[in-house]
Asker: 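Please see the structure below; I have some questions.
The figures here come from the full heavy-atom set of this structure, side chains too, leaving out hydrogens, waters and symmetry mates. Quick note on labels: first sequence line is chain A, next is B, and so on, each numbered from 1.
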2 protein chains.
Amino acid sequence: MNQTLLSVEETSKVLKLLGDQTRLTIVGLIKDTECCVCELVEILDMSQPSISQHLRKLRDAGIVKEKRKGHWMFYALNEDHAAFDLISRILEHMPDQKEKIIALEQSGKRIVCE
Amino acid sequence: MNQTLLSVEETSKVLKLLGDQTRLTIVGLIKDTECCVCELVEILDMSQPSISQHLRKLRDAGIVKEKRKGHWMFYALNEDHAAFDLISRILEHMPDQKEKIIALEQSGKRIVCE
DNA sequence: TTCATATATAAGCATTGACTTATATAAACG
DNA sequence: CGTTTATATAAGTCAATGCTTATATATGAA
């Protein structure tokens, strides 16, 4: 991992965004598996507009990137963001969210494209 | 550094607290040099009540600890906090704040006890 | 005990933030 | 085309937040 130095201002902005349980969970979920909005709505059990608004904040900050696949908009961590390494390290201190993805797959609600 | 796993909730609470430029700077300042309130007021150029209120939030969360020395109340990072390792890693991604302490010393405003 | 200094706390206010409901947009498909 | 599905955005509401000013507390010194 390369150690990019961020300013205090940049760092606090990133931490403020991740200082919300919903957004932190989203980032943990898409860390290594991109997800579409409806999957996040399902996993987090929140309204679609609420999830979309959280994703917008993350996207406006450049923390996540989006890619359309037909009906669905998939979100992934933006590995080119200056804070990507910081974010990865933060996630290392948290339980892996991958079980939630597995549970989604097992419930047949995972969106698979192509 | 030991890798303590925190819950998503605990992590987001810590990040929310550090997601404020003033508090993040405070934590960076006292990382390896304990500081009293008036020094933080001087360095951060903010009102005393404002600094005290930020310190209270950090203390209520257990992130910092306080120690009275005569008139002065000194604050330091609480190394026993479950998120201490996480916080240390976050600070590694930021510019070191020690120059501000040095400038304070050079201006003769550093508080020295004993 | 009285005063000065350092800090904490309380109350008030303006701003931000996260949700809600309602509506707009955009793609796929009949 | 019109309809359905997925997502985005807008507007409104209410709670949380960070500051201010004013005041309380605590320590040390005269």
Side-chain angles (χ1 to χ4, degrees), chain A residues 8-9 12-27 29-30 34-61 63-76 104 108-114, chain B residues 8-9 12-27 29-30 34-61 63-76 104 108-114:
Chain A
V8 175
E9 191 180 351
S12 66
K13 266 187 197 165
V14 170
L15 299 183
K16 172 171 281 182
L17 281 166
L18 300 190
D20 173 277
Q21 218 179 322
T22 302
R23 286 192 294 266
L24 186 58
T25 308
I26 289 176
V27 168
L29 282 164
I30 65 177
E34 58 181 19
C35 288
C36 71
V37 179
C38 60
E39 292 172 325
L40 297 172
V41 167
E42 176 69 28
I43 292 175
L44 293 163
D45 192 27
M46 291 180 64
S47 76
Q48 174 268 316
S50 193
I51 296 294
S52 273
Q53 283 156 7
H54 282 300
L55 286 168
R56 190 182 203 293
K57 291 194 178 194
L58 292 171
R59 195 204 53 191
D60 284 353
I63 291 175
V64 305
K65 57 188 179 189
E66 54 187 15
K67 176 177 22 173
R68 180 174 281 282
K69 291 188 188 174
H71 278 306
W72 299 279
M73 199 65 100
F74 281 81
Y75 285 83
L104 191 75
K109 289 173 180 164
R110 182 88 164 123
I111 306 293
V112 184
C113 289
E114 290 128 323
Chain B
V8 175
E9 191 179 350
S12 66
K13 266 186 196 163
V14 170
L15 299 184
K16 173 173 280 183
L17 281 166
L18 300 190
D20 173 277
Q21 217 180 324
T22 303
R23 286 192 295 267
L24 185 59
T25 308
I26 289 176
V27 167
L29 282 165
I30 65 178
E34 58 182 19
C35 288
C36 72
V37 180
C38 60
E39 292 173 326
L40 297 172
V41 167
E42 175 70 27
I43 292 175
L44 293 163
D45 191 28
M46 291 179 64
S47 77
Q48 175 268 314
S50 191
I51 296 293
S52 272
Q53 284 157 6
H54 282 300
L55 287 168
R56 191 182 202 294
K57 291 195 179 192
L58 292 170
R59 196 204 54 194
D60 284 353
I63 291 175
V64 306
K65 58 188 179 188
E66 55 187 15
K67 176 176 26 172
R68 179 176 282 282
K69 292 188 186 175
H71 278 306
W72 300 277
M73 199 65 99
F74 281 81
Y75 285 84
L104 191 75
K109 289 172 180 163
R110 183 89 165 123
I111 306 293
V112 184
C113 289
E114 289 127 325

Asker: Among residues at least two apart in sequence or on other chains, which ones pass side-chain contact (heavy atoms from CB on, under 4.5 Å) with A/R68?
Answerer: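 Listed in chain order: A/M73.
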Asker: Could you state the atom-to-atom distance from CG of A/L58 to C1' of C/dG17 in whole Å?
Answerer: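 Nearest whole value for this atom pair: 14 Å.
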Asker: Would you mind reading off the distance between A/Q21 atom CD and C/dC19 atom P, rounded to a whole angstrom?
Answerer: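 From A/Q21 CD to C/dC19 P: 10 Å.
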Asker: Return yes when atom NZ of A/K65 has more than 12 non-hydrogen atoms of other residues, nucleotides or ligands closer than 6.0 Å, and no otherwise.
Answerer: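 Yes.
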Asker: Could you pull out the closest heavy-atom pair between B/G19 and A/L15, with the gap in Å?
Answerer: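 So the minimum-distance heavy-atom pair works out to CA-CB, 3.8 Å.
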Asker: May I have the distance from B/L55 (atom CG) to C/dT7 (atom P), rounded to whole angstrom?
Answerer: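 In whole Å, C/dT7 P lies 10 Å from B/L55 CG.
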Asker: Measure all distances between protein nitrogen or oxygen atoms and nitrogen or oxygen atoms of nucleotides 13-19 of chain D, and list the pairs falling under 3.5 Å.
Answerer:
unit_1 : atom_1 : unit_2 : atom_2 : d
D/dG18 : OP1    : B/D20  : OD2    : 3.4
D/dG18 : OP1    : B/R23  : NH2    : 3.0
D/dG18 : OP2    : B/R23  : NH1    : 3.1
D/dG18 : OP2    : B/K57  : NZ     : 2.6
D/dC19 : OP2    : B/S50  : OG     : 3.1
D/dC19 : OP2    : B/H54  : NE2    : 2.2
D/dC19 : O5'    : B/S50  : OG     : 3.2

Asker: Measure CG/A/L17 against P/C/dG17 and give the value in whole Å, please.
Answerer: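 Rounded to the whole Å, the gap is 9 Å.
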Asker: Answer whether the closest heavy-atom distance between the side chains of A/R110 and A/C35 falls below 4.5 Å.
Answerer: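 Of all side-chain heavy-atom pairs linking A/C35 with A/R110, at least one is under 4.5 Å.
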Asker: Which donor-acceptor pairs under 3.5 Å do side chains of residues 40-55 of chain A form with protein atoms, sequence neighbours excluded?
Answerer:
unit_1 : atom_1 : unit_2 : atom_2 : d
A/E42  : OE2    : A/K109 : NZ     : 3.0
A/S47  : OG     : A/S50  : N      : 3.2
A/Q48  : NE2    : A/S52  : OG     : 3.1
A/H54  : ND1    : A/R23  : NH1    : 3.0

Asker: Between A/P49 and B/P49, which is nearer to the 5' end of DNA chain D once each is assigned its nearest nucleotide?
Answerer: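 Final value for this comparison: A/P49.
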Asker: Could you check how far CZ of A/R56 sits from P of D/dA11, rounded to whole Å?
Answerer: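 After rounding, the gap between these two atoms is 13 Å.
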Asker: Provide, to the nearest angstrom, the distance between the CE atom belonging to A/M73 and the P atom belonging to D/dT5.
Answerer: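 Whole-Å distance recorded here is 19 Å.
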Asker: Applying side-chain contact (heavy atoms from CB on, under 4.5 Å), name anything that partners A/E34, two or more places apart in sequence or on another chain.
Answerer: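 side-chain contact (heavy atoms from CB on, under 4.5 Å) list for A/E34, sorted by chain: A/K67, A/K69, A/F74, A/A76.
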Asker: Determine the minimum heavy-atom distance between A/Y75 and A/I30, stating which atoms define it.
Answerer: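 So the minimum-distance heavy-atom pair works out to O-CG2, 3.7 Å.
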Asker: A/L17 and A/K57: which non-hydrogen atoms are nearest, and at how many Å?
Answerer: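 In this case the closest contact between A/L17 and A/K57 is CD2-CB, 3.9 Å.
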Asker: For a quick check of understanding: with a heavy-atom distance under 4.0 Å over all strands, which category does B/F74 fall into, base, sugar-phosphate or nothing?
Answerer: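 Touches nothing.
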Asker: Could you list, one pair per line, each protein nitrogen or oxygen that sits under 3.5 Å from a nitrogen or oxygen of nucleotides 23-30 of chain C, together with the distance?
Answerer:
unit_1 : atom_1 : unit_2 : atom_2 : d
C/dA28 : O4'    : A/H71  : NE2    : 3.3

Asker: Kindly give the heavy-atom pair with the smallest separation between B/C36 and B/I111, and that separation in Å.
Answerer: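 Scanning both residues completely, I find the closest heavy atoms to be SG-CG1, 3.6 Å.
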Asker: Between P on C/dT5 and NZ on B/K109, what's the gap in Å once rounded to a whole number?
Answerer: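 Taking NZ of B/K109 and P of C/dT5, I get 16 Å after rounding.
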